[in-house]
Amino acid sequence: MTAKATSVPAGVIDSDLPDIAALEPTKTLRRRWPTILGGLLSVAMVVMLGRELLDSGLAGLSRATPTSPWFYVAFFALYMTSPTGDFIIFRRLWNIPAAGFVALHKKRIANDVVLGYSGEAYFYAWARARARLVAAPFGAVKDVSLLSAIAGNAATILLCALALPVGYQLMPSTVLHAVVGSAIITLGISLGLLLFSKRVFSLPRRDLWFIFTVHCARIAISSLLVALAWHFAMPDVPLWMWLFLSAARLLVSRLPLVPNKDLLFASFAILLIGQDQALSEMIAFVSALTLGVHVLLMAAFAAAAGWKGLKLWGA
């Protein structure tokens with residue numbers, strides 16, 4: 001059989017036809033933009049991690065470290081809580097493979113050190129680059145992020161309802177007004193999302209409830225684990241006191257109108273338990289250790305990607 005020659009319409013010469021090869025780079029760029037975005041965010045993560053670690057992390061690591069091995073067990077479990085919760089969610093939604101756990105770790109690191117919700121952008125790019133795995137990832141990523149915020153807001157409102165009747169006398173009037181105003185704003189945002197849930201959310205109601213439950217469990221487990229880690233680092237302070245401070249930390253971190261959240265939490269913790277130097281060093285060490293684990297993971301991910309690239313090149 002002979003191949004058919006491509007016919008050219010009458011009056012058109014070959015030089016008038018569009019250069020198909022010249023159009024391929026644009027098509028390739030459109031297909032590869034998720035990979036490019038993911039790579040740029042990975043570079044941003046490495047740069048920001050280096051800056052954060054050199055600015056403050058090394059100073060915290062140079063101080064006395066906790067001697068109890070249970071501190072490191074609780075810290076490791078705390079570190080794994082966020083990506084594990086996300087993996088449970090997206091395993092149900094998309095049946096993602098184990099490789100998705102690496103992407104979820106990068107999502108968490110990006111949110112911690114680059115910019116808020118930059119991790120969601122990275123994970124969306126990761127999912128978009130795997131069209132065979134995920135057909136329409138934007139709706140799911142959006143719903144998971146919104147439900148995480150709603151779960152955090154619900155915990156904040158609950159803690160405000162429990163803490164304000166007991167601790168309002170310990171707060172200056174300006175801080176008390178900011179806390180009450182923040183609680184009202186937080187409640188309003190959550191109610192607005194719930195009222196317009198049919199227009200805001202994309203996933204089925206059953207999946208939405210599952211995601212919300214996982215986020216609530218993650219918040220509760222994280223609060224318990226951070227209290228345990230602090231207790232093992234400073235065992236002379238009762239565990240119930242650290243649980244109270246863990247709840248206060250969650251409350252302060254999510255109030256939008258409260259300035260200098262870290263300073264407010266540190267001042268409240270020192271007022272409650274004293275030992276300002278030991279407490280400051282312990283908080284600095286936990287922050288530095290978190291950054292150190294971020295750096296080690298990014299280095300491990302880069303090494304694994306490099307090794308995979310060498311194997312493909314050799315093949």
Side-chain angles (χ1 to χ4, degrees), residues 30 33-35 37-38 41 80-112 114-161 181-223 247 250-257:
R30 289 179 180 176
W33 75 261
T35 304
L37 177 60
L41 284 172
M80 296 296 293
T81 300
S82 178
T84 301
D86 284 342
F87 184 79
I88 292 172
I89 291 171
F90 287 105
R91 181 75 173 178
R92 174 190 172 102
L93 296 180
W94 298 340
N95 196 28
I96 62 174
F101 207 66
V102 174
L104 290 169
H105 271 290
K106 291 183 178 181
K107 168 179 173 288
R108 183 259 177 92
I109 294 171
N111 283 335
D112 282 356
V114 181
L115 188 66
Y117 294 104
S118 60
E120 276 68 23
Y122 170 82
F123 188 66
Y124 171 70
W126 178 87
R128 185 66 184 270
R130 290 154 179 78
R132 294 181 181 178
L133 178 66
V134 184
F138 178 78
V141 173
K142 168 183 63 67
D143 288 359
V144 171
S145 300
L146 288 176
L147 286 170
S148 176
I150 291 175
N153 291 346
T156 301
I157 295 167
L158 177 62
L159 290 173
C160 279
S182 298
I184 293 173
I185 292 175
T186 301
L187 178 61
I189 293 173
S190 299
L191 289 177
L193 290 173
L194 293 176
L195 288 174
F196 296 98
S197 59
K198 292 184 178 180
R199 297 183 179 181
V200 172
F201 295 106
S202 307
L203 296 173
R205 186 176 296 273
R206 180 180 297 180
D207 289 336
L208 295 177
W209 276 112
F210 174 80
I211 296 167
F212 180 75
T213 303
V214 173
H215 281 314
C216 289
R218 174 184 56 80
I219 292 172
I221 293 171
S222 297
S223 299
L250 176 64
L251 173 61
V252 170
S253 67
R254 299 196 67 88
L255 295 177
L257 298 183

Any idea which heavy atoms bring [X] and [Y] closest together, and the distance?
X      : Y      : result
Trp94  : Val141 : CH2-CG2, 3.8 Å
Leu208 : Leu203 : CD1-O, 3.7 Å
Leu93  : Ala140 : CD1-CB, 4.2 Å
Ile219 : Ala155 : CG2-CB, 4.3 Å
Pro97  : Phe87  : O-CE1, 3.5 Å
Tyr122 : Lys107 : CD2-N, 4.1 Å

Practice prompt. Determine, step by step, whether His105 and Met80 satisfy the side-chain contact (heavy atoms from CB on, under 4.5 Å) criterion, reporting the C-alpha distance in whole Å, the side-chain angles of both residues, the deciding distance to 0.1 Å, and the verdict.
Written response: CA-CA 9 Å; His105 271 290; Met80 296 296 293; 3.8 Å; yes
Mind checking the [atom1]-[atom2] spacing from [X] to [Y]? Nearest 0.5 Å is all I need.
X      : Y      : atom1 : atom2 : result
Arg206 : Ile211 : CZ    : CD1   : 13.5 Å
Phe123 : Ser145 : CZ    : OG    : 10.0 Å
Leu147 : Lys142 : CG    : NZ    : 9.0 Å
Ile150 : Phe212 : CD1   : CZ    : 7.5 Å
Phe201 : Asp207 : CZ    : CG    : 12.5 Å
Leu158 : Asn153 : CG    : CG    : 12.5 Å

If we ignore hydrogens and angles and just use 3.5 Å, is the side chain of [X] paired with the main-chain N or O of [Y] as donor and acceptor?
X      : Y      : value
His215 : Val144 : yes
Asp143 : Ser202 : yes
Asn111 : Gly119 : yes

Worksheet item: Is it true that the side chains of Arg218 and Thr84 contain a donor and an acceptor less than 3.5 Å apart?
Response: no
